[in-house]
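Note sheet for the following structure.
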Amino acid sequence: MIHVLVTGGAGFIGSNFVPYFLEAHSDIHLVNLDALTYAGDIANLKEVETHDRYTFVHGNICDRSLIEELFKRYDFQGVVHFAAESHVDNSITNPDAFMQTNILGTFNLIDVAKSHWMVGPGIYKEAFKNARFHHVSTDEVYGTLGEDGLFMETTPYAPNSPYSASKASSDFIVRSYHHTYGMNVVTTNCSNNYGPKQHDEKLIPTIIRKALSGEPIPIYGDGSNIRDWLYVLDHCKGIDLAYKDGVSGETYNIGGRNERNNLYIAKRVCEVLDGKHPRNDGKSYESLIAYVKDRAGHDFRYAIDASKIEDELGWKADENFETGIEKTIDWYLQRYVESENSSLA
């Protein structure tokens with residue numbers, strides 16, 4: 001049995017990846033290390049909690065001794081590194097946690113992996129000659145775009161928030177371990193994810209939650225900020241593909257080719273909710289949209305060119321935004337409405 005370490009597997013993307021990866025690889029035992037901070041929820045992994053090839057460990061990637069102990073116990077052949085502080089607003093008010101987790105935590109992981117797998121620069125121990133470190137990052141490291149253009153793997157880094165700066169730093173750490181020590185690493189940078197299990201504070205869950213509760217739906221500024229939206233399961237499939245088949249030292253951008261501005265997202269979610277769960281007063285949920293003061297340093301537009309992973313590894317997104325948002329809203333309706341109704345029954 002091959003043992004693979006996943007960090008942050010109780011978070012949004014990680015908790016979608018873990019069940020997918022377990023089903024796709026019958027020869028792999030996954031160890032999920034998660035600190036269960038505000039963004040991680042063990043309930044996200046209920047479907048695998050009794051799986052015979054899955055082990056959960058409650059711990060922090062900043063705890064180097066714990067990581068060393070886990071590597072000794074399981075002799076990991078791979079690492080898929082999701083764990084990160086990731087909410088931009090929180091990074092503005094509390095940047096320290098982002099520097100600790102995203103920079104120091106990533107360093108701890110890759111440095112312990114190097115020590116466990118290698119005997120010197122470019123020389124792997126025989127038992128770990130195929131071991132790989134996969135680092136999951138974000139398109140926010142590239143900064144912001146104007147009305148035209150796309151982020152490519154060659155786009156210069158220009159992070160504009162403490163969050164994106166900390167992720168850029170972690171990307172550079174991983175890159176340096178490939179170029180200095182010859183480590184087998186691959187990095188993926190993704191566009192905005194959406195789908196089941198996302199934290200309530202993120203844009204789409206916030207729109208759904210506020211709408212269903214009849215509260216104002218907050219939209220920053222005039223709602224013109226644009227993101228490239230990627231359904232989370234499509235992202236997980238891309239990560240799996242890059243982990244298996246990606247070229248060592250390479251970066252692959254994973255994007256959905258679904259550019260939408262925030263106001264469109266809000267209106268579309270409201271439109272779908274109007275059809276699936278109409279308000280008692282007969283009004284559209286759209287009437288709840290309220291504009292609030294814009295976020296400090298709010299990047300205008302992100303959009304990814306996913307040609308490299310499409311052309312070289314054969315990845316493609318199965319969902320467009322219109323199909324993905326239907327599936328997402330169905331999941332949240334079950335969470336917010338059906339579960340509430342069953343508890344009242």
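None of the values given here were measured: they were computed from a predicted structure.
Atom NZ of Lys125 has more than 12 neighbouring heavy atoms from other residues, nucleotides or ligands inside a 6.0 Å radius. The neighbour count for Glu49 CD, taken as heavy atoms of other residues, nucleotides or ligands under 6.0 Å away, is above 12. Other residues, nucleotides and ligands contribute over 12 non-hydrogen atoms within 6.0 Å of the CD atom of Glu322. Counted within 6.0 Å of NZ on Lys276, heavy atoms from surrounding residues, nucleotides or ligands total more than 12; the atom is thus considered enclosed. Residue-environment remark: NZ (Lys244) exceeds the threshold of 12 foreign heavy atoms within 6.0 Å. Residue Arg175 places its CZ atom among 12 or fewer non-hydrogen atoms of other residues, nucleotides or ligands, all under 6.0 Å distant.
Classified by interplanar angle (parallel below 30°, tilted 30° to 60°, perpendicular above 60°), the ring pair Tyr74/Phe76 is parallel.
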Between Lys114 and Thr180, is a side-chain contact (heavy atoms from CB on, under 4.5 Å) present by the stated rule, with each step listed?
-> CA-CA 11 Å; Lys114 175 184 73 71; Thr180 300; over 6 Å; no
Please report the C-alpha distance between Val232 and Gln198 in whole Å, then the side-chain angles of each, then the deciding distance to 0.1 Å, and finally whether the side-chain contact (heavy atoms from CB on, under 4.5 Å) criterion is met.
-> CA-CA 9 Å; Val232 65; Gln198 192 167 23; over 6 Å; no
Show your reasoning for whether salt bridge (Lys or Arg N to Asp or Glu O under 4.0 Å) applies to Lys72 and Glu69.
-> CA-CA 5 Å; Lys72 288 175 184 174; Glu69 176 191 331; over 6 Å; no
Test side-chain contact (heavy atoms from CB on, under 4.5 Å) applied to Gln100 and Ser166, step by step | CA-CA 9 Å; Gln100 292 293 322; Ser166 67; over 6 Å; no
Before giving the answer on salt bridge (Lys or Arg N to Asp or Glu O under 4.0 Å), spell out for Arg64 and Asp111 the whole-Å C-alpha distance, their side-chain angles and the decisive distance to 0.1 Å.
-> CA-CA 9 Å; Arg64 187 183 179 104; Asp111 196 58; 2.7 Å; yes
With side-chain contact (heavy atoms from CB on, under 4.5 Å) as the test, would you mind laying out the steps for Phe133 and Leu109 before giving the verdict?
-> CA-CA 9 Å; Phe133 189 101; Leu109 274 175; 3.9 Å; yes
Under the ring-ring contact (aromatic ring centres under 6.0 Å, His included) rule, what do Tyr38 and His199 come out as? Steps first, then yes or no, please.
-> CA-CA 9 Å; Tyr38 72 94; His199 194 280; 5.6 Å; yes
Candidate pair Lys316 and Asp318, rule salt bridge (Lys or Arg N to Asp or Glu O under 4.0 Å), full reasoning = CA-CA 6 Å; Lys316 69 176 182 64; Asp318 293 322; 3.3 Å; yes
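Using a 4.0 Å cut-off between charged nitrogen and carboxylate oxygen, Glu319 and Lys327 count as a salt-bridge pair. Between Glu215 and Arg209, no side-chain nitrogen of the basic residue sits less than 4.0 Å from a carboxylate oxygen of the acidic one, so the salt-bridge criterion is not met.
A donor and an acceptor atom, one from each side chain of Asn253 and Thr251, are nowhere located under 3.5 Å apart. Between the side chains of His116 and Asp75, at least one donor N or O lies within less than 3.5 Å of an accepting N or O. A side-chain N or O of Asn32 and one of Tyr54 form a donor-acceptor pair less than 3.5 Å apart. A donor atom on one side chain and an acceptor atom on the other are not found under 3.5 Å apart for Asn102 and Tyr163. Side chains of His81 and Thr7: a donor-acceptor N/O pair is present below 3.5 angstrom, by distance only. When only modelled atom types and interatomic distance are considered, Tyr336 and Asp200 share a side-chain donor-acceptor pair under 3.5 Å.
Taking Phe107 as the reference, nothing meets the ring-ring contact (aromatic ring centres under 6.0 Å, His included) condition, with sequence neighbours excluded. Residues meeting the ring-ring contact (aromatic ring centres under 6.0 Å, His included) test with Tyr142, sequence neighbours left out: Phe151, Tyr157.
Contact check for Val269 versus Ile208: side-chain heavy atoms found under the 4.5 Å cut-off. The side-chain heavy atoms of Leu333 and Leu212, taken from C-beta on, include a pair separated by under 4.5 Å. Between Tyr291 and Leu263 there is a side-chain heavy-atom pair separated by less than 4.5 Å. Taking 4.5 Å as the limit, some side-chain heavy atom of Glu259 sits within range of a side-chain heavy atom of Arg301. Here the side chains of Phe17 and Tyr243 are not in contact, with every heavy-atom distance at 4.5 Å or above. Side chains of Arg73 and Thr55 form no contact here, defined as non-hydrogen atoms less than 4.5 Å apart.
For Tyr124 and Phe128, the ring centers sit 6.0 Å or farther from each other.
A pairwise comparison of heavy atoms in Pro218 and Pro216 identifies CD-O, 3.3 Å as the closest pair. Considering every non-hydrogen atom in both Met99 and Pro162, the closest pair reads CE-O, 3.5 Å. In terms of heavy atoms, Val247 sits closest to Val186 at O-CG2, 4.3 Å. In this structure, Leu30 and Val6 approach most closely via the heavy-atom pair CD2-CG2, 3.6 Å. The nearest pair of heavy atoms linking Arg279 to Ser284 is NH1-O, 3.0 Å.
Exactly one residue among Val136, Val18, Asp34 makes a side-chain contact (heavy atoms from CB on, under 4.5 Å) with Phe82. That residue is Val136.
The distance from the CH2 atom of Trp117 to the CG atom of Asn130 is 11.0 Å, given to the nearest 0.5 Å.
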